[in-house]
Amino acid sequence: MSIARVRALVLVSALVICAVVLVVLAIVRDKQGGASYGASSCPAGTVPVQTKPLPVESKIKINVYNGTTRTGLANQAADDFRSRKFTVGLVKDGSHYTGIAVLRFGPKELAAASVVNAYFLGDAELRFDIKRTDDVVDVVLGAQYKALGTPTDVKQAIAQLGNPSPPPGTCDTAH
């Protein structure tokens, strides 16, 4: 064997030994084994919510209410939401509202409400109910509502809005 081969063999052997030592040290010093995620990581008395990832439209359930005197507004908006892949439940008249839209939701739908808000370009009024247990976002259309945002506008709104912050009395389970 030539000296060059011996040198190469010694160098490769030293690198393999170093790699094995580093792997063993990493495994021995690993402190993630006892980490806990989910509801158990929330302080007592808080409600767990998930702020990310934002769900896709096909996973979001909504009810659409007409909060105006315009006939058929809820049906028109429900059709627009369906064409954007939302799952639409109830469609009917609701309480009178003068703004653009009100989104009512509970802890299970915090991230979903953020996506729905992007369709109103971030101008919907958000009403979080910590006691609500269903997985539906209620959309009440107001007198200032004109139309849902275009796909490009919605993507820009999602980027600008980012992930929602956990409301008071809740803790974020997304890690």
Side-chain angles (χ1 to χ4, degrees), residues 32 35-43 46-175:
Q32 295 179 16
S36 62
Y37 298 101
S40 62
S41 65
C42 288
T46 61
V47 176
V49 295
Q50 192 166 352
T51 60
K52 56 187 171 185
L54 295 177
V56 295
E57 288 82 349
S58 62
K59 301 287 184 192
I60 300 174
K61 299 175 193 172
I62 62 170
N63 294 326
V64 182
Y65 299 97
N66 184 356
T68 73
T69 57
R70 295 188 298 201
T71 305
L73 181 63
N75 286 324
Q76 174 193 1
D79 288 342
D80 287 346
F81 277 114
R82 282 186 194 104
S83 71
R84 290 171 167 94
K85 308 279 191 266
F86 285 87
T87 302
V88 178
L90 297 174
V91 178
K92 61 183 188 177
D93 290 336
S95 57
H96 184 67
Y97 183 66
T98 57
I100 295 174
V102 174
L103 304 181
R104 298 183 307 226
F105 56 96
K108 291 182 181 178
E109 293 305 310
L110 180 65
S114 183
V115 173
V116 176
N117 189 22
Y119 279 84
F120 297 100
L121 307 181
D123 292 329
E125 180 182 332
L126 303 176
R127 292 190 186 164
F128 175 74
D129 181 358
I130 199 165
K131 295 179 182 164
R132 191 165 169 174
T133 59
D134 64 358
D135 60 349
V136 178
V137 176
D138 291 337
V139 178
V140 180
L141 302 171
Q144 294 180 23
Y145 169 75
K146 304 267 187 267
L148 297 177
T150 65
T152 301
D153 290 339
V154 170
K155 287 178 184 172
Q156 289 175 349
I158 287 174
Q160 289 174 347
L161 293 170
N163 291 320
S165 298
T170 66
C171 75
D172 190 1
T173 60
H175 294 285

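- To the nearest 0.5 Å, atoms CD (Glu109) and CD (Gln50) are separated by 10.5 Å.
- One distance of note links CG of Leu54 with CD of Glu57; it measures 10.0 Å at 0.5 Å rounding.
- Between Arg82 and Val91, some side-chain heavy-atom pair lies under the 4.5 Å cut-off.
- Here the CG-CD1 distance, from Leu110 to Ile130, works out to 11.0 Å after rounding to the nearest 0.5 Å.
- Nearest heavy atom pair, residue Thr98 against residue Gln144, reads O-CG, 3.2 Å.
- In the model, Thr51 has no side-chain atom that pairs as donor or acceptor with a side-chain atom of Asn163 under 3.5 Å.
- Ser58 and Thr87 make their closest contact through O-OG1, 3.7 Å (heavy atoms, listed as atom of the first residue, atom of the second, distance).
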- [ ] Would you please test Val116 and Phe86 for side chain to side chain contact (heavy atoms under 4.5 Å, CB included) and show each step?
- [x] CA-CA 9 Å; Val116 176; Phe86 285 87; 3.7 Å; yes
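- At least one side-chain heavy atom of Arg132 sits less than 4.5 Å from a side-chain heavy atom of Asp138.
- Distance check: Leu121 CG to Leu148 CG gives 9.0 Å after rounding to the nearest 0.5 Å.
- Using a 4.5 Å heavy-atom threshold, the side chains of Tyr119 and Asp80 count as separate.
- The heavy-atom pair separating Asn66 from Gly72 by the smallest distance is ND2-N, 4.4 Å.
- Inter-residue side-chain proximity for Cys42 and Val47 is flagged as unmet; no heavy-atom pair is nearer than 4.5 Å.
- Interatomic distance, Leu90 CG to Ile62 CD1, rounded to the nearest 0.5 Å: 11.0 Å.
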Task: Criterion side chain to side chain contact (heavy atoms under 4.5 Å, CB included) on Gln76 and Leu141, from CA distance to verdict - done: CA-CA 11 Å; Gln76 174 193 1; Leu141 302 171; over 6 Å; no
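- Minimum interatomic distance between Leu161 and Ser114 (heavy atoms only, all atoms of both residues): CD1-O, 4.1 Å.
- Smallest separation of non-hydrogen atoms from Cys171 and Thr46: SG-OG1, 3.8 Å.
- Electrostatic pairing of Arg104 and Asp129 does not count as a salt bridge here, judged by no charged N lying under 4.0 Å from a carboxylate O.
- For the residue pair Ala112 and Val137, the shortest heavy atom distance occurs at CB-CG2, 4.2 Å.
- Side-chain contact between Thr68 and Tyr145 is absent, with no heavy-atom pair separated by less than 4.5 Å.
- Inter-residue side-chain proximity for Leu103 and Val139 is flagged as met; some heavy-atom pair is nearer than 4.5 Å.
- Once rounded to the nearest 0.5 Å, the distance linking NZ of Lys92 with CG of Asn75 reads 13.0 Å.
- The closest side-chain heavy-atom distance from Gln156 to Asp153 is below 4.5 Å.
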